[in-house]
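Worksheet: one structure, shown below.
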Protein chains: 2
Amino acid sequence: MARKVETTPRKSASQERSRATVDALLEATARVLINDGYDQASTNRIAEVAGVSIGSLYQYFPNKESLVAAVIDRHTQEISEVTRKALVKMAASPIETAARAFVSVAIDGHRVNPKLHGVLAEQIPRVGRLENIEANIQQGYAFVRGYLEAHRDEIDVADLDLAAFILVTVVEALTHAAVLRRPDILSGEKAEQFVDDVARMVVSYLRA
Amino acid sequence: MARKVETTPRKSASQERSRATVDALLEATARVLINDGYDQASTNRIAEVAGVSIGSLYQYFPNKESLVAAVIDRHTQEISEVTRKALVKMAASPIETAARAFVSVAIDGHRVNPKLHGVLAEQIPRVGRLENIEANIQQGYAFVRGYLEAHRDEIDVADLDLAAFILVTVVEALTHAAVLRRPDILSGEKAEQFVDDVARMVVSYLRA
DNA sequence: ACAAAATACAAGTGATCGCTCATAATTGTA
DNA sequence: TACAATTATGAGCGATCACTTGTATTTTGT
């Protein structure tokens with residue numbers, strides 16, 4: 001039942017030249033995914049866009065899935081770099097401040113590479129070892145769960161687990177939809193009202 | 001740029017026998033989508049599962065996309081049958097009652113055929129003329145927008161458009177995630193707490 | 001300078017896909 | 001019963017896909 005697919009690199013690129021090849025392949029994969037969608041992203045096409053032979057592609061990636069997985073890893077790492085500091089700083093803040101910060105961080109994360117993010121979230125087959133995105137959300141879930149426990153006395157909800165689920169799902173869905181489908185909501189001064197509204201909703205939920 | 005794909009039936013089935021064939025094809029498509037996922041759902045496989053020749057499939061559906069579109073139509077119609085009455089009844093209710101009802105309706109809708117719903121929402125390519133699901137959400141959006149306008153005096157938010165976007169996105173995301181990924185949250189007496197929490201969040205957002 | 005290791009190349013393989021078409025079987029009509 | 005319309009069949013076509021393999025080129029180490 002479980003189809004095992006290797007997603008680790010076939011060989012590590014040690015020389016400067018090969019590192020450039022790997023980079024070109026990752027860049028091309030992201031470009032093709034964004035411009036043509038997952039279905040059109042054939043390995044032959046990716047190699048062509050990268051200016052690299054199909055043979056070279058398979059020198060460094062054992063299969064198509066590993067190539068996409070590498071792009072996902074790179075993207076989640078970029079998001080992490082943008083959001084990590086803010087999350088750490090947030091941990092000690094009271095609910096009102098933390099809620100606003102959390103929403104802002106979620107927006108920033110979705111703004112790292114919105115088009116790529118959209119493709120990864122909506123078009124990548126959920127099977128296989130491509131659940132790196134899922135893992136990322138799970139990480140945010142753990143963080144929120146920890147925050148709620150630490151601030152137990154400021155919170156009125158009965159079930160912290162349920163609250164964490166609701167908070168993560170709500171903020172992720174709202175920022176995702178706003179950045180990708182309603183960018184007008186986040187343009188100019190409107191952005192502040194969006195953050196205000198969502199943060200207020202979250203806070204008033206936690207305080208019964 | 002715009003690739004036009006016909007999604008209407010190639011010919012309408014007039015006899016009893018052919019209607020059964022069409023039905024078997026739709027049923028098989030849903031089954032294959034659920035069991036094997038979109039990528040494995042080849043027309044050859046669907047015809048085989050339906051116990052119908054590949055030629056017959058193309059008598060009634062001009063292409064694969066139209067077949068999937070028909071399954072989506074059928075599914076959205078089933079959801080509509082479940083939810084329509086409740087939505088109409090909800091229109092005259094005050095916020096507290098309406099909010100609870102809205103969340104309940106969303107859950108019922110997602111429970112019509114959860115596995116199929118998950119595949120349709122997560123695996124179907126967003127390109128082409130398969131935005132029927134999108135249209136369904138848009139319909140819910142229009143309904144909420146109308147409700148908010150009708151109950152303008154009970155509401156404290158400044159931007160009704162933003163509020164409608166937030167409400168629809170939040171309730172859709174929460175019920176979707178709960179039904180498909182956290183069914184434990186909706187089992188037994190826990191379900192009531194979930195509805196309570198979400199409804200309370202929604203109401204406290206609308207009343208500043 | 002030169003051999004070995006690393007890297008790059010691209011034609012080609014087998015499998016699968018969506019879909020067609022010539023033909024056969026069934027059903028409605030007279 | 002006879003004929004036309006409808007429906008069903010499935011071998012197979014051309015295209016595309018992920019991926020292999022044998023060979024050529026470049027870089028490294030000495």
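Just so it is clear, the values below take in all heavy atoms, side chains as well, and ignore hydrogens, waters and symmetry mates. Residue numbering restarts at 1 for every chain, and letters A, B, ... go by the order of the sequence lines. Source: prediction; values computed, not measured.
- Judged as a side-chain contact (heavy atoms from CB on, under 4.5 Å), and not counting sequence neighbours, the contacts of Ala50(A) are Ala24(A), Leu25(A), Ala28(A), Val52(A).
- Atom CD in Gln59(B) sits roughly 13 Å away from atom C1' in dT26(C) (whole-Å rounding).
- An OP1 or OP2 oxygen of dC9(C) is reached within less than 4.0 angstrom by a side-chain nitrogen or oxygen of Ser56(A).
- The interatomic distance linking Phe61(A) (CZ) with dT7(C) (C1') rounds to 15 Å, in whole Å.
- Looking at heavy atoms from C-beta onward, Met201(B) lies in side-chain contact with Val170(B) at the 4.5 angstrom threshold.
- Applying the salt bridge (Lys or Arg N to Asp or Glu O under 4.0 Å) test to pairs two or more places apart or on separate chains, none has a residue in residues 101-119 of chain B.
- A ring pair (Phe, Tyr, Trp, His ring centres under 6.0 Å) check over residues 69-92 of chain B, counting only residues at least two apart or in different chains, returns the pairs His75(B)-His117(B).
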List the protein contact pattern of nucleotides 25-30 of chain D with one symbol per nucleotide (5' to 3'): B for base contact, S for sugar-phosphate-only contact, - for none; contact means a heavy-atom distance under 4.0 Å.
-SSS--
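- Taking atom CG of Leu25(B) as the reference point, atom C1' of dT9(D) lies 13 Å away to the nearest angstrom.
- Sorted by first and then second residue, the side-chain hydrogen bond (donor to acceptor under 3.5 Å, both in side chains) pairs involving residues 187-205 of chain A (not counting sequence neighbours) are Arg100(A)-Asp196(A), Asp197(A)-Tyr205(B), Ser204(A)-Ser204(B), Tyr205(A)-Asp197(B).
- Look at Tyr58(B) and you won't find any side-chain N or O under 4.0 angstrom from OP1 or OP2 of dA8(D).
- Side-chain N/O atoms of Ser18(A) include one lying less than 4.0 angstrom from OP1 or OP2 on dT7(C).
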When every nucleotide of nucleotides 12-17 of chain D is labelled 5' to 3' by its protein contacts under 4.0 Å (heavy atoms), B for base, S for sugar-phosphate only, - for none, what sequence of letters results?
-----S
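- A sub-4.0 Å separation between OP1 or OP2 of dA8(D) and a side-chain N or O of Thr21(B) is present.
- For the residue pair Tyr141(B)/Asp161(B), the side-chain donor-acceptor check at 3.5 Å is satisfied.
- As rounded to whole Å, 18 Å separates atom P of dC19(D) from atom OH of Tyr60(A).
- The distance between atom CG of Asp23(B) and atom P of dT7(D), rounded to the nearest whole Å, is 15 Å.
- Arg181(B) is linked by a side-chain contact (heavy atoms from CB on, under 4.5 Å) to Glu134(A), counting only residues two or more places apart in sequence or in another chain.
- Sorted by first and then second residue, the side-chain hydrogen bond (donor to acceptor under 3.5 Å, both in side chains) pairs with a member in residues 20-31 of chain B read Asp23(B)-Arg74(B), Glu27(B)-Arg74(B); sequence neighbours excluded.
- For residues 41-59 of chain A, the pairs satisfying salt bridge (Lys or Arg N to Asp or Glu O under 4.0 Å) are Asp36(A)-Arg45(A), with sequence neighbours left out.
- Take the nearest nucleotide of DNA chain C for Val52(A) and for Arg45(B): the residue whose nucleotide is more 5' is Val52(A).
- Remark: P of dA11(D) and CD of Glu48(B) are 13 Å apart, rounded to the nearest angstrom.
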